[in-house]
Amino acid sequence: MNSESLSTPKRVRFVELSAKALRALADGDLAGGSAEAGVALDEHFVGDRARRIFGYRAEQLAENPSVAPWIARAAVSEPDGTVVGDAGFHGPPDEAGMVEVGYTVVPGYRRQGYARAMLTALLVRAATEPGVRTVRATIRSDNHASMATIAGFGFTRVGEQGDERDGLEIVFEVPADAIQAQQP
């Protein structure tokens with residue numbers, strides 16, 4: 001990696017992962033998931049963690065197809081078209097207008113600005129949705145890279161929670177109107 005790759009802000013676009021794509025990935029079928037998504041996905045998309053998450057998202061979508069615009073998407077670097085991770089919300093806004101962001105960068109593309117690009121795109125989306133009042137991020141207490149990623153986006157630490165799998169997580173939130181104020 002050279003210094004130019006760090007100094008140039010990254011841009012991403014999102015490609016929806018349909019129920020069929022999510023199910024294929026959950027089943028470990030990278031070729032099928034890639035074909036359904038219409039982009040070449042990385043092995044990361046069929047790792048143990050990804051398979052579990054995509055299986056959950058496929059079930060979520062089967063139970064309620066209206067969540068499709070909110071959940072898992074492949075993050076594609078622009079302009080080169082390389083899939084660099086996945087991102088989305090955990091679901092549509094809840095009764096209080098809260099959405100939670102989630103994003104993962106493919107290991108070979110970490111520490112290059114793609115997580116910030118994904119988070120920026122998610123925050124822009126959330127800020128433009130009339131039903132969203134708050135954006136939440138929960139980060140494992142030892143995940144310093146994610147803590148650094150959200151810095152500068154206006155998130156405030158609002159609490160902690162225990163997670164069976166991840167242990168202690170720190171809960172951060174930012175009001176949607178504060179995101180709008182940060183947009184150019």
Side-chain angles (χ1 to χ4, degrees), residues 12-76 83-110 114-115 117-119 121-123 125-126 129 131-143 145-147 149-150 155 158-174:
V12 295
R13 68 180 168 87
F14 294 128
V15 173
E16 183 176 343
L17 296 175
S18 68
K20 283 178 124 178
L22 290 168
R23 180 52 47 211
L25 295 170
D27 292 341
D29 180 4
L30 182 60
S34 294
E36 286 295 329
V39 292
L41 301 173
D42 183 271
E43 284 290 326
H44 161 81
F45 282 77
V46 291
D48 290 340
R49 180 182 177 281
R51 289 177 67 176
R52 182 178 40 76
I53 290 169
F54 294 142
Y56 175 79
R57 296 293 177 223
E59 290 173 20
Q60 186 182 18
L61 195 53
E63 289 174 17
N64 183 358
S66 72
V67 303
W70 293 95
I71 61 172
R73 302 201 167 326
V76 180
V83 175
V84 295
D86 62 90
F89 299 95
H90 291 230
D94 66 12
E95 313 77 49
M98 190 274 297
V99 292
E100 185 171 342
V101 295
Y103 50 89
T104 305
V105 179
V106 170
Y109 294 97
R110 292 182 179 159
Y114 288 110
M118 287 185 241
L119 182 57
L122 291 171
L123 291 174
R125 161 84 194 285
E129 290 287 339
V132 175
R133 289 193 283 287
T134 305
V135 178
R136 174 176 284 177
T138 57
I139 301 173
R140 204 176 61 236
S141 62
D142 64 348
N143 188 341
S146 281
M147 300 274 190
T149 297
I150 69 164
F155 282 91
V158 297
E160 299 176 350
Q161 65 185 26
D163 182 83
E164 279 183 19
R165 187 179 31 81
D166 290 335
L168 180 65
E169 295 178 328
I170 310 299
V171 180
F172 298 89
E173 293 181 349
V174 62

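What you see is a predicted model, and the numbers here were worked out from it, not measured in a lab. Only this structure's heavy atoms are used, side chains among them; waters, hydrogens and symmetry mates stay out.
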Locate the shortest heavy-atom distance separating [X] from [Y]; write the atom from each residue and the value.
{"X": "R51", "Y": "G28", "value": "NE-N, 3.5 Å"}
{"X": "L41", "Y": "A74", "value": "CD2-CB, 3.9 Å"}
{"X": "L22", "Y": "A58", "value": "CB-CB, 3.8 Å"}
{"X": "S18", "Y": "E36", "value": "OG-OE1, 4.1 Å"}
{"X": "E16", "Y": "A68", "value": "OE2-CB, 3.8 Å"}
{"X": "A37", "Y": "L17", "value": "CB-CD2, 3.7 Å"}

Spacing of [X] atom [atom1] and [Y] atom [atom2] [to the nearest 0.5 Å]:
{"X": "R140", "Y": "E169", "atom1": "CZ", "atom2": "CD", "result": "8.5 Å"}
{"X": "L123", "Y": "I150", "atom1": "CG", "atom2": "CD1", "result": "10.0 Å"}
{"X": "E100", "Y": "L122", "atom1": "CD", "atom2": "CG", "result": "11.5 Å"}
{"X": "L61", "Y": "I71", "atom1": "CG", "atom2": "CD1", "result": "4.5 Å"}

Donor-acceptor under 3.5 Å ([X] side chain, [Y] main chain):
{"X": "D27", "Y": "D29", "value": "no"}
{"X": "T104", "Y": "D86", "value": "no"}
{"X": "R57", "Y": "H90", "value": "yes"}
{"X": "R110", "Y": "V105", "value": "yes"}

>> W70 vs E129, test: side-chain contact (heavy atoms from CB on, under 4.5 Å). Steps then yes/no.
In response: CA-CA 11 Å; W70 293 95; E129 290 287 339; 3.5 Å; yes
So, do [X] and [Y] sit near enough that their side-chain heavy atoms are less than 4.5 Å apart?
{"X": "R52", "Y": "R49", "value": "yes"}
{"X": "I170", "Y": "E160", "value": "yes"}
{"X": "F89", "Y": "R125", "value": "yes"}
{"X": "T138", "Y": "V171", "value": "yes"}
{"X": "V135", "Y": "F155", "value": "yes"}
{"X": "F45", "Y": "V106", "value": "yes"}

> In this structure, are over 12 heavy atoms from other groups packed under 6.0 Å from Y56 atom OH?
Replying inline: no
>> Does D42 form a side-chain contact (heavy atoms from CB on, under 4.5 Å) with V83? I'd like the steps, not just the answer.
In response: CA-CA 7 Å; D42 183 271; V83 175; 5.6 Å; no
